[in-house]
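First comes the structure, then the notes that go with it.
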Amino acid sequence: MEIGFTIRNNQYYDSVFLMGTNNKISEVDGVINSAVLMGTESNKKLLSEIGVNDPQIDKATPNDLIVTLIAESEEIIRLVLDDLDHWFEGAQDQTSEFQLKTLEDGLGHKPGANLVAISVPGEYAFREAKKALEKGLNVFLFSSNVPISEELALKQYAHENGLLVMGPDCGTSIIGGVGIGFANKVRKGNIGVVGASGTGLQEYTSLVHNAGFGISHAIGTGSHDLSDDIGGITTLAALEALEKDPTTQVIAIISKPPGIDTLKLINNTVSSFSKPVIGCFLGLGHTYDQELQSIILARNVDKAVLSTINALGGQIAGLGIELGEKELSLLEDEKSKFSQSQKYVRGVFAGGTFCYQAQQIFQDSGIDVFSNTPISTKWALSNPDISKEHTLVDMGDDLYTVSRPHPMIDGTFRWKRILEESKDALVAVLLIDIILGFNASTDPVGDIIDAIIEAKQLAQTRGDHLCVVASVCGTDEDFQSKALQVEILEQAGVIVFNSNSKAASFCAKLLD
Amino acid sequence: MAIINNDLLNQPLIIINIGVQKFAESLSGQEVQVVHIDWSPPAGGDEEMIDLLDELL
């Protein structure tokens with residue numbers, strides 16, 4: 001085994017491009033491990049952990065590209081490193097014409113710009129977002145790991161200046177039919193939605209589309225917006241905008257539990273609205289139902305879609321967590337295949353909201369589940385890398401995405417965890433989510449299907465049966481071909497549902 | 001009360017993308033006016049230098 005590396009000074013690439021390049025290099029015959037990354041402190045630590053240490057690496061800066069290889073021979077290392085330009089082809093296709101380096105350069109080319117989409121590493125996000133706001137531009141801030149004090153400062157500035165800051169940690173928005181970040185391709189319509197949860201917004205807008213309705217705007221706020229620290233600054237601005245928007249006829253809010261003071265503020269604000277407002281605050285429980293008279297409350301995203309359609313005077317069948325006759329029959333069939341010892345569910349999620357909503361559905365069914373993002377701290381995993389009893393893991397949590405692309409873009413990190421879970425002979429059910437849409441993996445099922453097949457075979461070899469259940473979030477208009485993704489899953493013996501609520505509900509009943 | 005005074009929801013989007021290039025590609029694929037900034041950490045990522053730059057500018 002040989003180790004080799006090269007450093008290119010002042011050659012910066014974004015994390016998504018680096019991941020794609022790393023994937024290509026890792027497929028070269030004889031390459032055991034590879035890392036293509038920028039010289040940040042956390043990346044240098046990662047390299048050290050896999051046994052790559054060198055004074056030159058220590059000196060690298062966040063602007064310096066590091067390509068590291070662990071391979072079977074020196075020849076293979078030279079084959080890759082001596083021809084590095086080949087692997088970086090296409091990196092600058094979009095920019096080669098202009099070579100724009102700053103926001104000011106961008107404004108020179110697009111003086112009428114009205115939105116800046118920012119996805120730089122979290123430590124630089126405040127600086128770029130503040131500059132954009134000071135130039136009178138709205139901001140979509142995808143970057144995560146931004147301190148709450150910086151988020152508050154950005155949002156206060158935006159509020160004082162009549163601007164909108166979507167984020168930080170904002171995965172999804174759809175403005176006038178344009179999907180920004182991770183968004184699904186949905187038809188235009190008269191339903192407006194505000195979401196403190198990217199995958200929650202994706203699920204809601206996809207289910208609306210799949211039910212035959214459409215979206216006017218879906219405004220992401222960032223996951224911390226409804227905390228009492230932030231006070232819902234963006235949510236309130238977005239709600240006001242949707243109330244005034246002539247296209248929007250009904251408004252929904254999708255979020256994890258908000259701060260209680262903020263929730264009351266939202267309730268007071270929408271009490272004067274002319275349009276119905278549906279609220280899905282996952283994990284909230286029923287404690288505040290009486291105080292939230294101005295909001296039509298929905299326990300999960302499916303029910304929020306149902307309530308929205310009802311508010312428009314429409315009806316739709318098949319949504320919600322209740323199982324149909326065919327699904328109940330499938331349930332009994334699966335249960336009959338488990339061994340006596342098999343009793344636990346493991347969830348390996350790309351979408352944070354899916355992990356959270358599934359926990360709520362299990363909890364409502366009387367099943368306590370551990371998680372790295374638990375509904376209650378009582379159910380926090382002591383080591384997020386090691387599951388115990390019933391466990392649902394959010395692989396898109398900040399913990400797993402520092403210096404690494406989100407699992408919606410790169411499923412390979414989830415691959416390892418799926419196999420780990422299947423090695424536990426007490427596990428009966430594996431629950432996963434597949435997320436389609438703009439900027440997501442071109443083949444999210446393909447990223448993990450081999451792991452699913454191997455996991456099922458592993459259980460079979462032991463004489464057990466691993467039931468794999470998946471929800472697919474997306475529409476028939478997403479570029480990944482939803483029908484094909486579902487077909488591949490089903491051919492591998494995976495039970496597929498159109499919503500996370502229903503998939504989780506099915507799993508909960510499997511454990512009865 | 002929070003008010004967005006620039007009517008973002010009712011005009012065509014013109015977007016400046018800073019960071020992940022793929023986001024710009026997906027926007028141009030939707031026929032949105034977008035320009036991508038070839039961003040890299042300012043001052044080589046040196047925090048002290050960045051603070052100094054911010055104070056000067």
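Values reported hereafter were calculated over all heavy atoms of this structure, with side chains retained and with hydrogens, waters and symmetry mates removed. Since we're looking at a predicted model, the values are computed, not measured. Note on naming: letters A, B, ... go to the chains in the order of the sequence lines (proteins, then strands), and numbering restarts at 1 for each one.
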query = Any side-chain heavy atom of Asn114(A) within less than 4.5 Å of one from Gln11(B)?
reply = yes
key: Any donor-acceptor pair under 3.5 Å from Asp38(B) side chain to Tyr12(A) backbone   = no
message = To the closest 0.5 Å, what do you measure between OG (Ser40(B)) and CG (Asp64(A))?
response = 10.5 Å
note = d(Leu100(A) CG, His36(B) NE2) to nearest 0.5 Å is 9.0 Å
message = Does Leu9(B) form a side chain to side chain contact (heavy atoms under 4.5 Å, CB included) with Ile175(A)? I'd like the steps, not just the answer.
response = CA-CA 6 Å; Leu9(B) 304 188; Ile175(A) 307 292; 4.1 Å; yes
message = If I measure from the heavy atoms of chain B, does Leu239(A) come under 4.5 Å with its side chain, its backbone, both, or neither?
response = neither
ask   = Is a donor on one side and an acceptor on the other found under 3.5 Å between the side chain of Ser119(A) and the backbone of Val20(B)?
value = yes
ask   = Where is the tightest heavy-atom contact between Gly106(A) and Ile16(B), given as atom of each residue plus distance?
value = C-CD1, 3.8 Å
query = Rounded to the nearest 0.5 Å, what separation is found between the CZ atom of Phe17(A) and the NZ atom of Lys22(B)?
reply = 12.0 Å
request  = Below 4.5 Å from any heavy atom of chain A, which atoms of Asn17(B) appear? Answer side chain, backbone, both or neither.
outcome  = both
key: N/O donor-acceptor pair under 3.5 Å between Asn63(A) side chain and Pro41(B) backbone   = yes
inquiry  = Report which part of Leu27(B) has an atom under 4.5 Å of a heavy atom belonging to chain A: side chain, backbone, both, or neither.
reply    = side chain
query = Which atom names give the shortest non-hydrogen contact between Ile37(B) and Thr102(A), and what distance separates them?
reply = CD1-O, 3.3 Å
request  = Report the distance from atom CD1 of Ile18(B) to atom CD1 of Ile118(A), rounding to the nearest 0.5 Å.
outcome  = 5.0 Å
inquiry  = Sort by residue number and list every residue of residues 180-188 of chain A having at least one heavy atom under 4.5 Å from chain B.
reply    = Ile180(A), Gly181(A)
request  = Return the minimal non-hydrogen interatomic distance between Asn439(A) and Ser26(B), and the atom names on each side.
outcome  = ND2-OG, 3.1 Å
Side chain to side chain contact (heavy atoms under 4.5 Å, CB included) between Phe438(A) and Gln30(B), worked out = CA-CA 10 Å; Phe438(A) 297 117; Gln30(B) 297 176 72; 3.4 Å; yes
query = Roughly how far, to the nearest 0.5 Å, is CG of Leu8(B) from CG of Leu164(A)?
reply = 6.5 Å
inquiry  = Please enumerate all residues that pass side chain to side chain contact (heavy atoms under 4.5 Å, CB included) together with Lys131(A), with sequence neighbours excluded.
reply    = Leu103(A), Glu104(A), Arg127(A), Glu128(A)
Contact winner vs chain B - Gly179(A), Ser216(A), Ala125(A), heavy-atom pairs under 4.5 Å = Gly179(A)
request  = Examine whether an atom of Phe479(A) lies under 4.5 Å from a heavy atom of chain B, and if so say whether it belongs to the side chain, the backbone or both; otherwise answer neither.
outcome  = neither
